[in-house]
Q: 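Before anything else, here's the structure in question.
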Amino acid sequence: MRFRQVTLCAAVAAATALMPVAAATAESEPHGSLTVTPSTTAPGGEVDLRVSVCGGRQAVGTSEAFVSQAQFAPAADGGLFAQARIRSDAQARSYDIWVNCKDSSGQASGRVTVVHGGSGHHDGNQHPNEHPDHRATPHAPVHAGGGAAAQLADRQATEQGPGTRHAVIGLALAAVAAVAVAGRSARRRRRSD
């Protein structure tokens, strides 16, 4: 019974000791800023995105305001560059943009503000972007054919191997196992004496 108490105490001590390490390594990934030009645009407009935090040659930008993900490539003047189209049905508000480096560590974030043209006054019966001659246009790729294969391919492209979080968890489990083995060895030695 005493062995279980010692093992439990050792496991709690090891987990407590490794918690600050996990927090520090999780935040050690570089975070940069994203330049959005223009920072204010109308639905259906296009924005230029620039980021310099990525050490590699690729990054992906996402936002609720975008029609699809923005694929970053090297810019002629350094850093990475992408263009993104704003959804035609985007509401008038600010949207967060997140950029994740693909072939290096790093993240960036920024904002784009969507504004609607005209007086901004409309009655409750008509959507602010609807005009009598306005026809619906797609604002995202159409999900047709292929079933879930396209979604799986997209998910696999963005997934990466084990990261820092997995390494820290593995180290914590190894430390707990080492403490358990050491405790059991000490117990056996005491019995044999």
Side-chain angles (χ1 to χ4, degrees), residues 21-120 127-131 134-168:
V21 173
T25 55
E27 293 182 14
S28 66
E29 193 168 281
H31 188 83
S33 63
L34 172 69
T35 304
V36 182
T37 308
S39 61
T40 303
T41 187
E46 205 168 82
V47 293
D48 292 341
L49 308 169
R50 290 186 178 276
V51 67
S52 60
V53 71
C54 299
R57 300 179 53 83
Q58 295 180 335
V60 175
T62 57
S63 175
E64 289 179 37
F66 295 166
V67 170
S68 62
Q69 290 182 336
Q71 301 296 325
F72 283 79
D77 58 348
L80 298 177
F81 173 81
Q83 288 185 323
R85 181 163 302 280
I86 304 299
R87 290 188 348 242
S88 60
D89 66 343
Q91 296 177 1
R93 67 180 179 94
S94 291
Y95 291 88
D96 290 324
I97 303 170
W98 298 276
V99 177
N100 289 313
C101 304
K102 279 182 139 180
D103 49 0
S104 67
S105 65
Q107 299 176 342
S109 61
R111 292 180 78 88
V112 64
T113 302
V114 176
V115 294
H116 293 264
S119 65
H127 189 274
N129 280 345
E130 289 180 352
H131 303 290
H134 185 267
R135 294 192 177 41
T137 58
H139 66 274
V142 178
H143 297 286
Q151 293 174 349
L152 290 174
D154 184 42
R155 187 178 311 136
Q156 289 174 351
T158 59
E159 289 179 358
Q160 296 179 3
T164 305
R165 182 179 60 188
H166 296 101
V168 170

Q: Using every non-hydrogen atom in the two residues, find where Val114 and Ala42 come nearest and quote the distance to one decimal.
A: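 Closest approach of Val114 to Ala42: CG1-C, 4.4 Å.
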Q: Under the side chain to side chain donor-acceptor pair (under 3.5 Å) test, which residues partner Ser94, sequence neighbours left out?
A: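 Applying side chain to side chain donor-acceptor pair (under 3.5 Å) to Ser94 gives Thr113.
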Q: Taking Leu49 as the fixed residue, which of Thr35, Leu80, Ile97 is the one that meets the side chain to side chain contact (heavy atoms under 4.5 Å, CB included) rule?
A: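 Single side chain to side chain contact (heavy atoms under 4.5 Å, CB included) partner of Leu49 among Thr35, Leu80, Ile97: Ile97.
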Q: Roughly how far apart are Tyr95 OH and Arg87 CZ, rounded to 0.5 Å?
A: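 Tyr95 OH to Arg87 CZ: 5.5 Å, rounded to 0.5 Å.
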Q: Restricting to non-hydrogen atoms, name the atom on Pro38 and the atom on Glu46 that form the minimum distance, rounded to 0.1 Å.
A: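 Distance-wise, the nearest heavy atoms are CD-O, 3.9 Å.
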Q: Answer yes or no: are there more than 12 heavy-atom neighbours, outside Gln91 itself, under 6.0 Å from its atom CD?
A: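 No, CD of Gln91 has 12 or fewer neighbouring heavy atoms, counting only those of other groups under 6.0 Å.
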Q: Specify the closest pair of heavy atoms between Pro43 and Ser88, including all atoms of both residues, with the distance to one decimal.
A: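 Reported closest heavy-atom pair: CB-O, 3.4 Å.
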Q: Please list every donor-acceptor pair under 3.5 Å in which a side-chain atom of residues 54-67 meets a protein atom from a residue at least two apart or in another chain.
A:
| from | atom 1 | to | atom 2 | distance (Å) |
| --- | --- | --- | --- | --- |
| Ser63 | OG | Ala65 | N | 3.2 |
| Ser63 | OG | Asp96 | O | 2.9 |
| Glu64 | OE1 | Arg93 | NH2 | 3.0 |

Q: Closest heavy-atom contact between Arg50 and Ala75?
A: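 The answer is NH1-CB, 3.5 Å.
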Q: Distance from Leu34 atom CG to Arg111 atom CZ, nearest 0.5 Å?
A: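 With rounding to 0.5 Å, CG (Leu34) is 12.0 Å from CZ (Arg111).
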Q: Before giving the answer on side chain to side chain contact (heavy atoms under 4.5 Å, CB included), spell out for Thr37 and Val47 the whole-Å C-alpha distance, their side-chain angles and the decisive distance to 0.1 Å.
A: CA-CA 6 Å; Thr37 308; Val47 293; over 6 Å; no
Q: Looking at Gln107 and Cys101, what are the two nearest heavy atoms and their distance?
A: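 Distance-wise, the nearest heavy atoms are N-SG, 4.3 Å.
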Q: How far apart are the closest heavy atoms of Gly32 and Val53, and which atoms are they?
A: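 Reported closest heavy-atom pair: N-CG2, 3.7 Å.
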